[in-house]
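Contents: one structure, followed by commentary.
Numbers restart at 1 for each chain; the letters A, B, ... are given by sequence-line order, proteins then strands.
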Amino acid sequence: MAVKGGFGARNPDVGKKRHTFHCQSTTTSRGHAANSEAANMLEDLAKLCAVRGGDGSVFKERGFKNAAGVLRRLGVQITNIQQLKDLRKHEPQRVRGLGDSVMKELSTFYEEGRMHRLDGLEADPKLKCLKILQEVGWVGAVKAQQLYDKGVRSIEDLRTKGLHLLSEQAQICLSRHEDIMQRMPRSEAAEIEAVVTKVAQSICPGVICQACGSYRRGKSHCGDVDVLIRPPEGQEDSPMFDDLIKRLVETGFITDKLTLAGGPHRPGKSQSFMGICKLPGTGRLHRRVDIKFYPTSLFAFAVLYFTGSSHFNRSMRSFAKIKGLKLSDKGLCRVNTVNGEEVHRFPSYSCLREEDVFTALGLEWREPKDRDGVQVQAFCSKGEGGATELSGRVVPVTLEQEQQHQALLEQERLEASDYEDAELQQQE
DNA sequence: GCTCAGCAGTC
DNA sequence: GACTGC
DNA sequence: GAGC
Ligand SMILES: O=c1ccn([C@H]2C[C@H](O)[C@@H](COP(=O)(O)OP(=O)(O)OP(=O)(O)O)O2)c(=O)[nH]1
Ligand SMILES: [Mg+2]
């Protein structure tokens with residue numbers, strides 16, 4: 001646990017102790033919880049960078065988050081900074097992402113148990129306010145600062161004197177704040193998916209509904225429910241979405257609308273609803289729900305996107321980009337660019353299944369559960385060792401490593417062809 | 001010094 | 001075009 | 001913030 005206790009509720013799945021493998025006790029040096037204290041502090045640092053906002057804050061946030069993940073995945077308990085310096089020298093791939101700035105924080109952490117940068121930020125009362133305000137949906141770094149400038153310091157202030165300063169969406173999120181800030185157990189996400197499915201089926205029999213996001217990645221708790229819908233097998237499109245939302249509102253399941261995207265049904269186009277729902281009966285909390293509809297030919301790209309994680313998506317899209325492709329929730333297209341700017345987009349590759357998108361990109365299939373930033377337990381089934389070493393060969397664990405790996409292969413391929421394979425090239 | 005995903009709604 | 005969200 |  002972080003030295004400072006009071007900084008935010010953490011995702012219960014992160015840094016959670018898994019007892020799947022007996023070989024690892026919680027206190028041994030090679031346990032899954034290795035370096036979790038330092039990692040937690042780096043994550044706090046990441047969060048505070050995001051809260052403070054300003055230029056490049058999102059990249060600083062990811063920089064610290066990534067560093068936390070690197071440390072977690074290391075598989076070895078670090079007890080002093082020299083160990084990391086040695087790794088940087090001899091096995092730099094293993095600590096890729098720990099740059100000068102993070103190393104500086106880590107050295108004071110291993111020497112005195114504190115990160116100076118973090119201490120500074122946590123001591124700032126203004127940042128504490130900004131953080132609380134930003135926990136309300138549609139209140140980001142800029143809006144929070146504006147509110148602060150007008151004397152708003154708390155959720156209560158927001159309710160009593162700040163309502164008129166908020167967008168319609170932010171007002172709704174504020175009105176449900178206490179409910180929707182809580183993550184729900186996955187069983188409840190399943191119940192919500194079931195309600196949407198039931199109503200969807202009644203409108204369009206055979207329609208396929210699937211909860212994606214953190215639910216599909218197997219998380220024990222979910223921040224919201226991300227329901228994806230496609231037409232029945234053998235059918236390309238359906239106009240059911242407008243009716244579905246209408247019915248879910250009528251039945252009282254959907255209590256609030258935040259945004260509707262895509263407008264009324266147009267053949268071949270996706271539609272999406274973002275809002276708040278509540279299961280019937282007493283003792284239920286309001287929950288955030290996202291419902292999306294995609295025609296069948298886009299569905300593979302849509303599930304891939306909607307399953308995430310967001311980090312995984314960014315990573316995969318970067319990978320596509322390097323290959324001259326553009327990946328989105330609606331397709332995978334070859335693009336022509338002139339110094340970074342897109343000048344032509346070809347029609348999308350056709351992918352019927354999620355697997356086909358991986359194949360089209362030359363990537364190995366990854367189970368949804370293995371699409372998180374942190375993958376503590378991957379490839380651990382033999383009961384020993386870390387996640388990266390298997391039968392003497394380095395197995396890529398993160399997409400970044402996979403990227404690096406493939407870049408290397410690509411480079412080798414090109415170099416080889418330079419010298420020998422001019423003929424072979426022509427055949428293709 | 002440049003890049004970091006790609007898209008959509010609201011204001 | 002900036003902000004916010006997925 | 002990190003990598004190139
Ligand atoms: O910046 C983002 C945010 C989300 N997504 C995709 C991946 C993500 O998994 C899905 C659903 O978003 P959500 O915010 O619900 O994330 P989650 O992965 O489901 O986590 P949570 O449990 O917090 O809802 O949309 C992105 O591609 N980019
Ligand atoms: Mg979600």
Just how far, in rounded Å, is [atom2] of [N] from [atom1] of [X]?
X: A:D100; N: D:dC4; atom1: CG; atom2: C1'; value: 14 Å
X: A:I291; N: C:dG5; atom1: CD1; atom2: P; value: 19 Å
X: A:Q169; N: C:dG5; atom1: CD; atom2: P; value: 10 Å
X: A:R88; N: D:dA2; atom1: CZ; atom2: P; value: 8 Å
X: A:D55; N: B:dT3; atom1: CG; atom2: P; value: 15 Å
X: A:Y294; N: B:dG6; atom1: OH; atom2: P; value: 15 Å
X: A:R62; N: B:dG6; atom1: CZ; atom2: P; value: 12 Å
X: A:L260; N: B:dT10; atom1: CG; atom2: P; value: 8 Å

Pick base, sugar-phosphate or nothing for [X], based on heavy-atom distances below 4.0 Å to the nucleic acid.
X: A:A141; result: sugar-phosphate
X: A:V102; result: sugar-phosphate
X: A:D226; result: sugar-phosphate
X: A:K292; result: nothing
X: A:G56; result: nothing
X: A:L258; result: nothing
X: A:G262; result: sugar-phosphate
X: A:D290; result: sugar-phosphate

Quiz prompt | A:F358 versus A:E364, closest heavy-atom pair with distance | solution =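 That closest heavy-atom pairing would be CD2-O, 3.2 Å.
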
Quiz prompt | Closest approach of A:L84 to A:Y110 (non-hydrogen atoms, all atoms of both residues) | solution =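 Scanning both residues completely, I find the closest heavy atoms to be CD1-CE1, 4.1 Å.
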
Within the pair [X] and [N], is there a side-chain N or O less than 4.0 Å away from OP1 or OP2?
X: A:R117; N: D:dG1; result: yes
X: A:R288; N: C:dC6; result: yes
X: A:K60; N: B:dC4; result: no
X: A:K321; N: B:dT3; result: no
X: A:R314; N: B:dA5; result: yes
X: A:S101; N: D:dG1; result: yes

What's the closest nucleotide to the side chain of [X] if the choices are [options]?
X: A:S328; options: D:dG1, B:dG6, B:dG9; value: B:dG6
X: A:R96; options: D:dC4, B:dA8, B:dC11; value: D:dC4
X: A:K326; options: B:dA5, C:dT4, B:dC7; value: B:dC7

Quiz item: Hey, is A:F59 doing a stacking thing with B:dC4, by the 5.5 Å centroid and 30° angle criteria?
Solution: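 It does: the two rings, one from A:F59 and one from B:dC4, meet the stacking criterion.
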
Quiz item: Which of these, A:Q82, A:K89, A:R88, sits in a side chain to side chain donor-acceptor pair (under 3.5 Å) with A:D86?
Solution: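 Passing option: A:Q82.
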
Are [X] and [Y] packed together at the side-chain level, in the sense that at least one heavy-atom pair is separated by less than 4.5 angstrom?
X: A:T259; Y: A:W138; answer: yes
X: A:C173; Y: A:I180; answer: yes
X: A:F301; Y: A:L332; answer: yes

Self-check item: B:dC7 versus D:dA2 - spacing of their P atoms, nearest Å
Solution: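 It comes out at 29 Å once rounded to the nearest Å.
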
Quiz prompt | B:dA5 versus C:dG5 - spacing of their C1' atoms, nearest Å | solution =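 The answer is 14 Å between these two C1' atoms.
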
Quiz item: Is there a donor on the side chain of A:Y305 or the base of B:dC7 sitting less than 3.5 Å from an acceptor on the other?
Solution: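 Not at all, since no donor on one side and acceptor on the other fall under 3.5 Å apart.
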
Self-check item: Side-chain donor-acceptor pair present, A:T79, A:Q83, cut-off under 3.5 Å
Solution: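 A donor-acceptor contact under 3.5 Å links the two side chains.
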
